[in-house]
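Note on naming: letters A, B, ... go to the chains in the order of the sequence lines (proteins, then strands), and numbering restarts at 1 for each one.
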Amino acid sequence: MGLPSRISGLLPALLSSLAAVTVALLAGAMVIVFTGDDPVEAYRALFSGAFGGRRPIAETLVAATPLICGGLAFAVAAKAGMFNIGIEGQLLVAGLASGLVGAYAWNLPASIYLPLGVLSAMAAGGIWGAIPGVLKARFGSHEVITTIMLNYLAERLINYVISTEERFPVDPRSQSTQPVDPEARLPNLLDGTRLHWGFVLALVAAVVLWYVLFRTTLGYRVRAVGLSRGAAAYAGIPWGRTIVLAMVASGVLAGLAGAGQTLGLQGRHINLSAGYGFTAIAVGLVGRNHPVGVVGAGILFGAITSGATRMQNTAGTSKEIVQVLQGLVILSVAAFAAAGHFRLGQRLSARFGGGSAGRASGNDRSSGVGMGPEIEPQPGPPVL
Amino acid sequence: MAHPQQPGADAPPVIEMLGIVKRFPGVVANDGIDLVVLRGEIHALLGENGAGKSTLMNVLFGLYRPDEGVIRVDGKPAAFAGPRQAVGAGLGMVHQHFMLIPRFSVTENVILGAEGNSTLHLDRDAAEQTVGALAEEYGLRVDPRAKLADLPVGMQQRVEILRALYQGSRTLILDEPTALLTPQEVDELYAVLHRLREGGGTIIFITHKLREVAAISDRVTVIRRGKTVGTRITKETTAPELAELMVGREVILRVERPPASPGEPVLVAENLVVTGSRGEPALRGLDLTLRRGEILGICGVEGNGQTELVETLAGLRRPDSGRVRLKDQDVTGQDPIALRRAGLSYIPEDRHNRGLVLDFPLTENVLLGNTEAAAFSRGWRILRGALDAITRRLMRVFDVRAPSPQTHARALSGGNQQKLIIARELHREPDALLAAQPTRGVDVGAIEFVHRQLVRERDQGRGVLLISFDLDEILDLSDRILVLFGGRIVGEFVSGRVSRTELGLRMGGRGEEERGGVAVAD
C-alpha cells in the first residue's frame, strides 16, 4: 500500500536534516576555533557528555522530554497553519496547575492522583492554547501577538500565585509550589538517574499525534486547513473550529511537557523558566513538524544541552557555545529545507511533467505566464 | 520570406533568437528555440501553457541568461543584463497581469519608471500632454487624469501599452493580452495593434488561442515543450495544422454534441441577492433554472458576479435573500458538505487555491470533500486501502498522468490537475454539476477531454452549469446561454441561434441598440 513511496518520501527529508546538522556542526567547529579551543576535543566531550554511558544518556533524554512534547505542540499548530510561540506560557501554566494539584496532598491513590495531575496540566495548557485560537477564529487576531502576550500573562499569573501563600500551597522563599505528593509524581524510569515516565508519555504522544494527523479525518482536516484555507473551505471544512482544535491540541501537548517537568523531574513547580517552550519551536522546525522528526530533533537538542556541561569541564569550551550550536542547527535546517524544496520540486516536474506541457507553478492562478521567472522556488508548506 | 505586409523585409529582423537553450536544474525550459521577428509585423508566439513562451521572453528581456544560443536585436548581438536595458533597446512588455498602481492616475502610471532626471520636480502638466498626444496618435483613447482603479480592464491595458510606447518601445510584446477582455475590447485592441504596425511598430503576440492567431497575426511561431516546431505565414496555414503543431498530435477542436433532451429542473436559483467580498452588491436578484440533461452556459465579462454566483450555489457564500433549490430540497445557505450529500458537484475556477491542496498527494486530494463518505472513512479512521484503490481507478479512467497515487498534486501539469478534480467530482455521480472555468490554463489536449466529459455528463441526465469567460467555450458546449451582467441575467439565448456579436454586446451591458462596425461574426 504505497509503502516504498512513503519511505522514499521521508528519506530526502531525513538526509537533508542530517546534512544540515553536519553543516551546522562544521560551522560550529569554526566558531570554536575562533574562540581558541580545539573543536575535536570539544565535540568529543560534548558527545560523551550526551551519550557516553547510562547517566549521560539518561540526562539527554531528561532534557529531550519537554522538548519533544513542546516540539509536538509546535508541530500540531503549524500543521493547521498556526505559529504557536506561546508554548512557553502554556507549559508554565500547565506546570503550575499540576504543581498545585499535587501539592494539595489530597490523600488519593496514585492511580487517581497521578492521572489527575497530568490531566490538570493538559487542561491548563489546552485552555491557554485555546485562547489565541478562539481570538483568531473570532476576531482574526494574529496568533503571534496573542501568544506572546499570553506568555507574559502566564509569567505574571505564576508570580502572583507563587507569592500568595495564604491562598495556595506555595513557598514564596524558594519561589515554587510545595512539593508534590509522592502519589502524584511520575515514577522514575531508570534507577540512579533522573529519567522519569514523562519521557515515555512524550513518545506515546508522538505516536498518537502521528496517527491522528495522518490516519484520521480529523488530522486530515487540520492539515488541509493548514495547507490551503481555500481548498478546505471548498471541502466544507470549518476553518475556525479546526484552528481552535489544533491550538487546544497544541496547548495540551505543551501541558504534557509542563506535567513532565513538575510531576516528573522537579517534584514541584519552580518559578524559573528554562526556556524549553522556545527551544521547542526550534525542535519543531528541525523536525519538519513531523512527529518522528520532532522526536529525533528533541533528542538532538537534548543531547546538545546535556553534553554542554562536560564540554565546559573537560574541554574548557564555554557553555554558551551550545546556544551558538543550536542557532546554527536551526539556521542550517531552514536553509536546507528551502533549498530542498527548490530542487526537489523541479526534479519532480522534470520527471512527471514530460507527458504534458503545463506545470503548476506555485499557488497562483495563472500558470506562470508573465515576466516573473517561470520556475520559482515553491513556497511549499510553511517551513514554520 | 517575402511577405506582402512587410515594409521592412530587407532590413535585419528586429529580433533574432537562435538556438536558445535555457536549463533549470532538472528542467529544460527552452530546448533550442528559434524566433525571428521581422520589422513591422505582428508575430504570434503560439504554445500551450508551460511550452516555454514566458521563459523565452524572460531570456529576451535579460531576466535569464541563456545557456546556449544567440540573440540579436536589429541585427546587433544583444545580451541584456536586465529589463531596463531591453527597454533601452526599444523593447516593451505588456503583462498579462498589469504592472500598474491602482491609486495612481493614468499619467502617473505611464511615466512610472521614466519619471525623468530631476528627482524632486515632476512636471505633471507636461507629462499629461505627452501622454495625451501619444494616446491620440495610436487611438488609445483614455483620459490621462483618470485614476487607474476607476478604469475598466480594457482601458487599463491601454495604459500598459501607453507606458511601453512612452518609454520609447518600438517592439511590443503582449502576453496573453485578451484574457480579460470582452469581444468588443478585443476588437479595439486589434485595431490599436494594426495602427501600431502601420506606424512601423513590431508586435509579438503571445497566446495559446488559435482564433487569435488567425485574427491578428502576420506570421506565427509555434513552440512545443521548449522547442520551435514551426514558423508559418498565418494566411497559408490552418487552425488544425497549428493545433497539431502545438499539441503534437491531431486534435478535435470542436467536441461532438448531439442535441440535448432537457428534463426536469435540478438546480433552481430564485431572486438571489448576494454581497461581494468588498461589500459591493454582486448579485442583484438573479434567477436561473438548470435542467437535467442540459449544459447551461453563463457568459459574461469577469467581475460581473460569476464568482459570487458559483460560490453561492456551492455553499461557500450565504445569499442576503433569495432561494436555492437542489432537486426538491431547499438548500439555501447550506454548507458544502450538505450540498454534496444532496447531489451537487463543483469544479472550482481556482484549481490551485480551491480545487486542490497542492502539497497533498493525489489520494488525499481525492479525499477532499469526501471525508464523510462511507467509501472513504469509518468513523474518524480514513480507509487508506480503499482510498488508494479508488484513486488508482480514477487516474486510469480519467487519464490522470502521474507516477503514483502518492505523488503530490503540485508535481502535475495543469491539465492533469484539472482531470483529477473532474475525476473526483464526477466520481460522486452528482445530479447537478457546477463547472467554473473548467479549462482555464489547461492545454489543448486536456480541454478536449474536459469538454467531452461535460457532454457525457449531460447525456447521462445530469444538469451542467458552465461558467466561463471564454466565449468560444460557451458557444461550443452550451445548449442554452445566459448572459450575466452587473449581477443579473440580461439575456437568454438558445445555442446556435445567437452570434458572438450579439452576446458580446449583451456582455458589455448593452441592450437592443445596435453598434456597427465591430462585428467579427462566426
Contacting moiety of [X], where chain A heavy atoms sit under 4.5 Å:
X: B:Arg424; value: side chain
X: B:Phe376; value: neither
X: B:Glu372; value: side chain
X: B:Ser377; value: side chain

Margin query: Given heavy-atom pairs under 4.5 angstrom as the criterion, report whether the side chain, backbone, both or neither of A:Arg223 touches chain B.
Written below: both
Check: Could B:Arg340 and A:Tyr234 be counted as a cation-pi pair, given that NZ or CZ must be under 6.0 Å from the ring centre and within 45° of the axis?
Finding: yes
Check: Can you tell me if B:Arg384 and B:Thr363 form a side-chain donor-acceptor pair at under 3.5 Å?
Finding: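 There is no such pair between these side chains.
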Item checked: B:Ser345 and B:Arg428: side chain donor to acceptor below 3.5 Å ->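 There is such a pair (donor and acceptor under 3.5 Å, judged by atom type) between the side chains of B:Ser345 and B:Arg428.
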Note to self: Please tell me whether A:Tyr220 and A:Phe214 form a close aromatic pair, meaning their ring centres lie under 6.0 Å apart.
What the structure shows: no
Checklist line | Inter-residue atom distance B:Met395.CE - B:Thr407.OG1, 0.5 Å rounding | finding: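 Those atoms lie 6.5 Å apart.
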Item checked: Top of A:Ser228, A:Ala232, A:Pro238, A:Gly219 for chain B proximity - count of heavy-atom pairs under 4.5 angstrom ->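 Ranked by contacts with chain B, first place is A:Ser228.
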Next item on the list: Flag the pair B:Arg410 / B:Leu356 as yes when at least one side-chain heavy-atom distance between them is below 4.5 Å, and no otherwise.
Entry: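 The answer is no; the side chains never approach within 4.5 Å.
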Check: Do you know which of B:Thr371, B:Leu367, B:Leu383, B:Leu339 has the most heavy-atom pairs with chain A at a distance under 4.5 angstrom?
Finding: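 Most pairs with chain A among the choices: B:Leu367.
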